[in-house]
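Lettering follows sequence order; numbering is per chain, from 1.
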2 protein chains.
Amino acid sequence: MFQLDLKSRKSIYEQVTDNLKELIMTGTLASGEKLPSVRELSKTITVNPNTVQKAYRELERQGYIYTTSGVGTFVADVSQITADAHSLELAKAALDDAFKQLLFLGLSYDEAREIAGEIMEQRRLSDD
Amino acid sequence: MFQLDLKSRKSIYEQVTDNLKELIMTGTLASGEKLPSVRELSKTITVNPNTVQKAYRELERQGYIYTTSGVGTFVADVSQITADAHSLELAKAALDDAFKQLLFLGLSYDEAREIAGEIMEQRRLSDD
DNA sequence: TAAGTGTACCATGCACCATAGTACACTGTC
DNA sequence: GACAGTGTACTATGGTGCATGGTACACTTA
């Protein structure tokens, strides 16, 4: 389904969250589609069920999936997802931080801008 | 000198590191200029000396400052700083992650691109 | 000599993460 | 009704990294 990086600074449950979010938002997991159960996914990616559950809980809180008790977890209608102000500010700050990282590595402004452009361009096709 | 955000997910020593790096790379702290001593800065920003030292050690490792034992810590010649491949990859990944955050918040590709453009534009003047 | 500097430790408390294990309520199927 | 599978909620444990407090030492400058 996806790959984990145990050496990453990101915690495992965050990686699971982000990976699933990507699969959902790019349409690889369609709206209404059933996600693997907590126990099943935990076996697949060799992680504790609690860790998977934490990721699912977070995704539900953010509106990407929904749960029917006793039945399973399903992909929500992501066309309804709208950016709340707080998350938007966080994302903006993260992008500013990343761009600063590029600049402060010694690259010129134009070089950094060029690299950023390439990276963003690669995200053009895999989107809505 | 700068402000800390205790509610941030970033650790304090990382915030100190990043803030100083920004002051250095934007020229607010000139090459050769003396930085506040570990103990002095720790008092100024109300943080443990060990935490400041950790930030200084990191900045020295990355080449932004240098130390003369018994004398003090000084801003290095940052025009010599060059991006190593590994740091560059990390920065690229961070930028990709941040841009994904924007996209997956429900923004259209063009909207995300527009916002990213504005953020990067604000970094144009404060650079070399 | 004295003060200020970087530097290196150690110990402690805290928060977060990941794991292991148990338990319960719900749903669908046989 | 019984059972399997589902989400969910706990508790407990160990590990890691962070921040703090404290001590100590070598160095340089006045």
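At whole-Å resolution of the value, OH in B:Y66 and P in C:dT7 are 13 Å apart. Between the CG atom of A:N48 and the P atom of D:dC10 there is a distance of 17 Å, rounded to whole Å. Atom OH of A:Y56 is separated from atom C1' of D:dT6 by 11 Å (rounded to the nearest Å). In this structure, the CG atom of B:N50 is 16 Å from the P atom of C:dT12, given to the nearest Å. If you measure from atom NZ of B:K43 to atom P of D:dT20, you get 15 Å, rounded to the nearest angstrom. In this structure, the CD atom of B:Q53 is 13 Å from the C1' atom of D:dC25, given to the nearest Å. In this structure, the CG atom of B:L35 is 16 Å from the C1' atom of C:dT7, given to the nearest Å. Whole-Å rounding puts the B:E40 CD to C:dG6 P distance at 9 Å.
The side chain of B:T73 places an N or O atom within less than 4.0 Å of a non-bridging phosphate oxygen (OP1 or OP2) of C:dG6. Using a 4.0 Å cut-off, some side-chain N or O of A:T51 falls inside it from OP1 or OP2 of C:dT19. B:K54 has a side-chain polar atom (N or O) that falls below the 4.0 Å cut-off from OP1 or OP2 of D:dC18.
No side-chain heavy atom of B:T73 sits under 4.5 Å from any side-chain heavy atom of B:T68. Within the 4.5 Å cutoff, the side chain of B:D5 has heavy atoms near those of the B:Q15 side chain.
Which of C:dT27, C:dA8, C:dT7 sits closest to the side chain of B:R39 comes down to C:dT7. Nearest to the side chain of A:S37, among D:dT28, C:dT5, D:dG7, sits D:dG7. Taking the side chain of A:V47 as heavy atoms from C-beta on, and the options D:dT28, C:dT19, D:dG7, the nearest nucleotide is C:dT19. Taking every side-chain heavy atom of B:S69 into account, D:dC27 is the closest of D:dG7, D:dC27, C:dT19. Of the candidates C:dA8, D:dC27, C:dC26, the closest approach to any side-chain atom of B:R57 belongs to C:dA8.
Applying the ring pair (Phe, Tyr, Trp, His ring centres under 6.0 Å) test to every pair with at least one member in residues 39-67 of chain A, sequence neighbours left out, gives these pairs: A:Y66-A:F74.
Near DNA chain C, defined here as any heavy-atom distance below 4.0 Å, the residues from residues 7-19 of chain A are A:S11, A:I12, A:Y13, listed numerically.
If you find the closest nucleotide of DNA chain C to B:G70 and to A:G70, the one lying nearer the 5' end belongs to B:G70.
Side-chain contact, B:Q62 with B:E58: a donor N or O sits under 3.5 Å from an acceptor N or O. Using modelled atom types, one finds no donor on one side chain facing an acceptor on the other under 3.5 Å when comparing B:T51 with B:N48.
Considering every non-hydrogen atom in both B:T28 and B:E33, the closest pair reads O-OE1, 4.1 Å. Heavy-atom minimum distance, B:I81 versus A:L105: CG2-O, 3.6 Å.
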